[in-house]
Amino acid sequence: MSGKPVLHYANIRGRMEPIRWLLAAAGVEFEERILKTKDDLQKLRTDGCLLFQQVPMVEIDGMKMVQTRAILNYIAGKYNLYGKDLKERALIDMYVEGLADLFELIMYHEFKPANEKEKDLANIMDKATNRYLPVFEKVLKDHGHDFLVGNKLSKADVSLLENILWLEELKPDALAKFPLLQSFKARMSNIPSIKKFLQPGSAKKPLIQEKDIPSVIAIFH
């Protein structure tokens, strides 16, 4: 073993993408073991690697960690992306949990049937622009700093940037009404570790191609 975290998941964004983002933001190199078939997933189960029989699974510090939020919390704590005290951690958790709700909507959009995508996207953008993005525009205004919590990068900032960029892939003018979020996006995207992750050829996954959806579904179902 190289000592690098090892990520076990399909070759898509899905629930592993926030983990890739957070490791990349922390400047941590990682390896990926891509699941290509249902048999690959079943082998992990048979070998006893998956506590709840599902991925994402990350091998890190001698552990085989499952459950996305537990993994994210561990990485954030280990690499000092989780605030300086309990109050900051509570704020970070609140923001990340809200963003997780938005993330679920965006993540499943890729897998919607073609005849449902237009309606689904309208629902995503309605909730993004009326429920989620105004929260963070206000947080940045009231807080008055470059980051959401304290004045230091946290997993909340990483999660917000990930969601913003994914929204913009679906609708390029998603931030039109949110000038502070536009500035936030520019700042965060220029942090060296994040800028590297945003370059072509990084571990950041592209939007799934429609032709690849059946093979991905076959792994998990």
Side-chain angles (χ1 to χ4, degrees), residues 2 4-36 40 55-60 65-69 71-76 78-81 95-96 99-111 121 124 128 132-133 136 147-148 153-175 181-213 215-217 219-220:
S2 65
K4 296 177 184 176
V6 180
L7 283 51
H8 297 262
Y9 202 67
N11 195 29
I12 58 170
R13 291 180 180 179
R15 298 188 190 282
M16 186 64 88
E17 194 70 354
I19 297 166
R20 297 185 189 105
W21 263 93
L22 196 58
L23 285 167
V28 178
E29 293 186 0
F30 54 86
E31 297 176 4
E32 295 202 63
R33 304 280 168 82
I34 301 298
L35 306 181
K36 296 179 180 176
D40 293 338
V55 289
M57 189 269 280
V58 174
E59 296 182 64
I60 184 169
M65 291 197 72
V66 294
Q67 296 298 322
T68 306
R69 293 174 194 180
I71 296 165
L72 290 169
N73 288 348
Y74 183 79
I75 293 166
K78 179 178 174 72
Y79 295 106
N80 200 22
L81 296 168
Y95 298 155
V96 169
L99 287 163
D101 294 340
L102 176 59
F103 178 85
E104 289 280 314
L105 294 172
I106 301 170
M107 179 179 67
Y108 282 117
H109 177 71
E110 292 184 297
F111 295 91
L121 179 58
I124 291 169
Y132 296 107
L133 296 182
F136 295 102
F147 303 98
L148 292 173
L153 184 68
S154 76
K155 69 169 184 165
D157 300 298
V158 178
S159 180
L160 179 55
L161 180 62
E162 179 190 2
N163 277 274
I164 282 173
L165 293 180
W166 201 339
L167 278 173
E168 287 189 327
E169 285 180 291
L170 300 178
K171 195 168 188 294
D173 65 348
L175 293 187
L181 286 175
Q182 293 174 36
S183 299
F184 172 87
K185 181 189 81 169
R187 287 195 306 273
M188 295 302 116
S189 297
N190 275 304
I191 292 172
S193 58
I194 293 175
K195 188 173 183 177
K196 181 180 178 183
F197 188 59
L198 293 174
Q199 299 306 307
S202 80
K204 182 178 181 295
K205 302 299 180 189
L207 289 170
I208 193 168
Q209 298 297 304
E210 195 162 335
K211 64 180 177 61
D212 296 324
I213 289 175
S215 60
V216 170
I217 290 175
I219 296 171
F220 294 109

What I'd like to find out is whether the side chain of M107 reaches to under 4.5 Å of the side chain of R15, using heavy atoms alone. yes

Below 4.5 Å, heavy atoms only, C-beta onward: do Y95 and D157 meet side chain to side chain? no

Distance in Å, L175 CG paired with E168 CD, rounded so as to fall on 0.5 Å steps: 4.5 Å

Just say parallel, tilted or perpendicular for the rings of Y9 and F220, cut-offs at 30° and 60°. tilted

Under a 4.5 Å cut-off applied to non-hydrogen side-chain atoms, are Y132 and D101 in contact? yes

Between R20 and A10, what is the shortest heavy-atom contact and its length? NH2-O, 3.5 Å

Less than 4.5 Å apart, side chain to side chain, heavy atoms only: is that true for L23 and L7? yes

Give a yes or no on whether the backbone of L160 and the side-chain of N163 come within a donor-acceptor separation of less than 3.5 Å. no

Crowded around E210 CD? As in, over 12 foreign heavy atoms under 6.0 Å? no

What residues form a side-chain contact (heavy atoms from CB on, under 4.5 Å) with E29, not counting sequence neighbours? K4

Considering only heavy atoms from C-beta outward, does the side chain of I19 approach that of F30 to under 4.5 Å? no

K155 versus N73, side-chain donor and acceptor atoms under 3.5 Å: yes

Distance from R69 atom CZ to I71 atom CD1, nearest 0.5 Å? 12.0 Å

Got a second to check how far N11's CG is from D212's CG, nearest 0.5 Å? 8.5 Å

CZ/F136 to CG/L148 distance, rounded to the nearest 0.5 angstrom? 6.5 Å

Of the non-hydrogen atoms in P18 and E162, which two are nearest, and what is the gap between them? CA-OE1, 3.4 Å

Any side-chain heavy-atom pair from L22 and Y79 closer than 4.5 angstrom? no

Please evaluate residues I12 and K205 with respect to the criterion side-chain contact (heavy atoms from CB on, under 4.5 Å), reporting the C-alpha separation (whole Å), side-chain torsions for both, the decisive distance (0.1 Å), and the verdict. CA-CA 6 Å; I12 58 170; K205 302 299 180 189; 5.9 Å; no

Considering all heavy atoms, the nearest L167-A128 contact: CD1-CB, 3.9 Å

Polar side-chain atom of Q199 near backbone of K195 as donor-acceptor pair, under 3.5 Å: yes

Where the side chain of R33 meets the backbone of H8, is there a donor-acceptor pair that is under 3.5 Å apart? no

Using 0.5 Å steps for rounding, measure from the NZ atom of K204 to the CD1 atom of I194. 12.0 Å

Would you call D40 and I219 a side-chain contact if the rule is heavy atoms closer than 4.5 Å? no

Are any non-hydrogen side-chain atoms of I124 and W166 less than 4.5 angstrom apart? no

Mind checking what makes side-chain contact (heavy atoms from CB on, under 4.5 Å) contact with S189, not counting sequence neighbours? L161, K185, L198

If I compare all heavy atoms of V158 with all of A25, which pair ends up nearest, and what's the gap? CG2-CB, 3.7 Å

Do E169 and R13 meet the salt-bridge criterion of a basic N to acidic O distance under 4.0 Å? yes

CD of E110 to CD of Q209, rounded to nearest 0.5 Å, is 9.5 Å

Shortest non-hydrogen contact from P56 to T68? CG-OG1, 3.6 Å

When every non-hydrogen atom of E17 is compared with those of F197, the smallest separation belongs to OE2-CZ, 4.4 Å

